[in-house]
2 protein chains.
Amino acid sequence: MRKRTPAKRRSGCPISFTLDTFGDKWALLIIRDLMFKGKRNYGEFLQSEEGIATNILSDRLKRLEEVGIVLKEVDPDNRRKFVYRLADKGVDLLPLLLEMILWGSKHDPKTEAPKEFIRRLERDREGVLRELRKRLRRS
Amino acid sequence: MRKRTPAKRRSGCPISFTLDTFGDKWALLIIRDLMFKGKRNYGEFLQSEEGIATNILSDRLKRLEEVGIVLKEVDPDNRRKFVYRLADKGVDLLPLLLEMILWGSKHDPKTEAPKEFIRRLERDREGVLRELRKRLRRS
DNA sequence: CTGTATCCTTAGGGATACTG
DNA sequence: CAGTATCCCTAAGGATACAG
């Protein structure tokens with residue numbers, strides 16, 4: 001396969017670093033699926049509404065694993081399968097994703113974000129954060 | 001010039017929307033420069049450490065203006081020049097950028113983020129947010 | 001100085017066939 | 001099912017020349 005471009009750092013800026021590390025939109029959509037949609041394996045990611053191609057999915061999973069955001073483990077229920085889940089470094093992206101949800105749902109007239117969730121998030125950011133973090137860590 | 005790809009929405013997901021709207025890394029670096037580096041005009045953006053090309057800068061500024069994140073105005077000090085600044089929709093990206101700074105400085109061993117700022121941000125997120133927002137709005 | 005246009009190369013990625 | 005490999009085309013973008 002074509003060699004993936006190694007995530008190359010462009011400067012010492014933390015924003016630039018963040019961007020360069022998790023990479024692009026596809027990677028972030030995978031992270032979203034892990035965080036909020038309870039997806040855990042290849043086939044599920046492939047089903048995403050945005051229609052990721054199988055080669056791209058494969059590539060991004062590998063990259064995310066390399067940079068330590070995602071862990072790949074043998075499925076305890078089925079020794080022949082794998083499950084992906086967020087490493088702590090990935091869970092740490094939660095606040096970032098929540099801010100994306102807030103911005104998106106505020107500025108997109110056609111957003112499909114559940115209103116109750118948004119309202120809760122606006123009112124009690126810390127609480128939502130704590131709860132989701134806990135859930136992700138034990139999953 | 002080559003027609004820019006119109007930002008195309010991929011789904012109703014707010015995260016996807018956010019990603020599709022402000023676009024890519026280059027756009028976000030411009031926003032960073034507007035937010036934290038006090039840059040206001042073309043030449044200054046061109047100087048960014050990451051080395052954006054002039055055609056890309058031009059393209060991204062246009063796109064950011066189109067989607068209402070950035071405003072382009074005649075420089076009051078020099079009627080022949082322009083200044084760019086964040087529209088409210090752009091200022092709304094502040095929490096997102098702050099989370100990027102936090103994640104980046106936490107996970108990058110070589111980060112250049114000022115430690116005092118990070119500590120303040122961790123302790124008093126709301127305060128920092130309020131202050132920066134105020135500063136951006138009046139600029 | 002603030003852009004715009006052109007040229008040209010390469011990485012990204014969709015479609016799809018293939019493998020264990 | 002869970003990926004990997006190949007094909008092939010397009011868009012992204014660096015370099016740079018040009019324009020107001």
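Throughout, protein chains are lettered first and strands after them, A, B, ... in sequence-line order, and every chain is numbered starting at 1.
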Sequence neighbours excluded, which residues qualify as side chain to side chain contact (heavy atoms under 4.5 Å, CB included) partners of B/Asp88?
B/Arg137
Report the nucleotide, chosen from C/dG3, C/dG14, D/dG14, that has the shortest atom-to-atom distance to any side-chain atom of A/Ile56.
C/dG14
Does C/dG3 have OP1 or OP2 sitting under 4.0 Å from an N or O in the side chain of B/Ser58?
no
Going by number, which of residues 31-48 of chain A have a non-hydrogen atom under 4.0 Å from DNA chain C?
none
In whole angstroms, how far is the P atom of C/dG14 from the NZ atom of A/Lys25?
11 Å
Would you say C/dG13 has OP1 or OP2 under 4.0 Å from some side-chain N or O of A/Arg60?
yes
Less than 4.5 Å apart, any side-chain heavy atom of A/Arg32 and any of A/Ser48?
yes
What is the separation between atom CZ on B/Phe82 and atom C1' on C/dC1, rounded to the nearest whole Å?
12 Å
Between D/dA12 atom C1' and B/Trp26 atom CH2, what is the distance in whole Å?
11 Å
Donor-acceptor pair, distance only, cut-off 3.5 Å: does the side chain of A/Ser58 make one with the backbone of A/Thr54?
no
Any A/Lys62 side-chain nitrogen or oxygen under 4.0 Å from OP1 or OP2 of D/dT4:
yes
Look at the side chain of B/Thr54 and the base of D/dT16, then say whether one donor and one acceptor between them are separated by less than 3.5 Å.
no
Taking CG from A/Leu29 and P from C/dG13, how many angstroms apart are they, rounded to a whole number?
11 Å
Taking N and O atoms by type only, does the side chain of A/Asn55 place a donor or acceptor under 3.5 Å from a partner on the base of C/dG14?
yes
A/Lys106 NZ: over 12 foreign heavy atoms closer than 6.0 Å:
no
Could you tell me the separation between the CD atom of B/Glu65 and the C1' atom of C/dG3, rounded to a whole number of Å?
13 Å
Within a radius of less than 6.0 Å around CZ of B/Arg120, do more than 12 heavy atoms belonging to other residues, nucleotides or ligands occur?
yes
Interatomic distance, B/Ile30 CD1 vs C/dG3 P [rounded to whole Å]
11 Å
Counting only side-chain N and O atoms of B/Lys72, is one of them less than 4.0 Å from OP1 or OP2 of C/dG3?
yes
Under 4.0 Å between a side-chain N or O of B/Lys81 and OP1 or OP2 of C/dT2?
yes
Let me know the distance between OH of B/Tyr84 and P of C/dT2, rounded to the nearest Å.
9 Å
When you measure from the side chain of B/Lys72 to the backbone of B/Leu61, do you find a donor-acceptor pair of N or O atoms at a distance under 3.5 Å?
no
Students should find that the end-to-end axis angle of the helix from C/dC1-D/dG20 to C/dG20-D/dC1, with five pairs defining each axis and rounding to 10 degrees, is 40°
B/Leu61 CG to C/dC1 P, straight-line distance once rounded to whole Å
16 Å
Would you tell me if any nitrogen or oxygen in the side chain of A/Arg80 comes within less than 4.0 Å of OP1 or OP2 on C/dG20?
no
Any Lys/Arg nitrogen of A/Arg135 or A/Glu131 sitting under 4.0 Å from an Asp/Glu carboxylate oxygen of the other?
yes
Under a 3.5 Å distance rule, please check whether B/Asp24 uses its side chain to pair with a backbone N or O of B/Ala27 as donor and acceptor.
yes
Just wondering, do B/Arg125 and B/Leu98 contact through their side chains at under 4.5 Å, heavy atoms?
no
What's the separation between atom CD1 in B/Ile101 and atom CZ in B/Phe36, rounded to the nearest 0.5 Å?
4.0 Å
